[in-house]
Novice: 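Handing you this structure, nothing more for now.
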Amino acid sequence: MGAEIELAQGYVDVSSKKLQGAIIPLDFASVGATENLMMAASLISGRTEIHNAAMEPEIEDLADFLNAMAHASQARGPRVW
């Protein structure tokens with residue numbers, strides 16, 4: 001997505017001048033990571049795919065919520081949003 005990530009003293013600092021869509025493979029299915037990536041993707045230009053995404057019911061609820069707010073979000077297969 002174009003973000004710069006810096007880890008220091010237990011904190012994660014993320015910055016970017018402009019985020020853009022990307023293909024993001026997760027090492028493991030994480031609800032928090034999937035939700036945060038979906039919300040970020042809904043606000044930026046371009047297409048974002050999250051591979052190995054979490055598939056819990058709250059992920060589908062968030063996708064429904066984002067779609068209701070006119071942001072396109074859909075499952076493309078098992079663990080891909």
Side-chain angles (χ1 to χ4, degrees):
M1 294 180 117
E4 295 180 22
I5 302 169
E6 191 174 317
L7 303 172
Q9 300 176 359
Y11 292 95
V12 179
D13 184 25
V14 182
S15 61
S16 175
K17 293 184 181 188
K18 182 177 179 183
L19 294 176
Q20 59 188 15
I23 296 174
I24 302 170
L26 297 178
D27 291 335
F28 59 92
S30 165
V31 172
T34 300
E35 290 172 332
N36 281 294
L37 288 167
M38 289 173 69
M39 289 185 285
S42 73
L43 297 173
I44 61 176
S45 64
R47 179 184 178 96
T48 298
E49 290 184 18
I50 307 167
H51 292 252
N52 199 27
M55 297 300 290
E56 279 75 7
E58 57 265 42
I59 299 299
E60 291 184 42
D61 290 342
L62 177 59
D64 291 342
F65 174 76
L66 293 173
N67 283 331
M69 295 181 65
H71 297 288
S73 172
Q74 65 185 113
R76 292 200 40 232
R79 300 200 178 275
V80 178
W81 280 95

Novice: Taking all non-hydrogen atoms of both residues, which atom of I44 and which atom of G21 are closest, and how far apart?
Specialist: CD1-N, 3.8 Å
Novice: Same cluster or not: I23 versus L19, using hydrophobic residues (I, L, V, M, F, W, Y) connected whenever any side-chain heavy atoms lie under 4.5 Å apart?
Specialist: no
Novice: With the side chain counted from C-beta on, respond yes when Q20 and K18 share a heavy-atom pair under 4.5 Å apart, and no when they do not.
Specialist: no
Novice: Less than 4.5 Å apart, side chain to side chain, heavy atoms only: is that true for T34 and E56?
Specialist: no
Novice: Walk me through it: do L43 and M39 pass the test side chain to side chain contact (heavy atoms under 4.5 Å, CB included)?
Specialist: CA-CA 7 Å; L43 297 173; M39 289 185 285; over 6 Å; no
Novice: Could you state the interatomic distance from CG (L37) to OG (S30), rounded to the nearest 0.5 Å?
Specialist: 8.5 Å
Novice: Can you hop from L62 to M69 via hydrophobic side chains spaced under 4.5 Å?
Specialist: yes
Novice: L7 and V14: same hydrophobic cluster, using ILVMFWY side-chain contacts below 4.5 Å?
Specialist: yes
Novice: With a 6.0 Å cut-off (strictly less than), is the heavy-atom count around CG of D27, excluding the residue itself, greater than 12?
Specialist: no
Novice: Quick one: pull up CG in L66 and CE in M38 and give me the separation to the nearest 0.5 Å.
Specialist: 5.5 Å
Novice: Please round to the nearest 0.5 Å and tell me the distance separating atom CG of D64 and atom CD1 of I59.
Specialist: 11.5 Å
Novice: Do you know the tightest heavy-atom contact between A3 and S16?
Specialist: CA-CB, 3.9 Å
Novice: Nearest 0.5 Å please: distance from the CG atom of D61 over to the CD atom of E35.
Specialist: 9.5 Å
Novice: Quick one: are T48 and I24 in side-chain contact, heavy atoms under 4.5 Å?
Specialist: yes
Novice: For the backbone of P25 and the side chain of N52, can you confirm whether one donor and one acceptor N or O come within less than 3.5 Å of each other?
Specialist: no
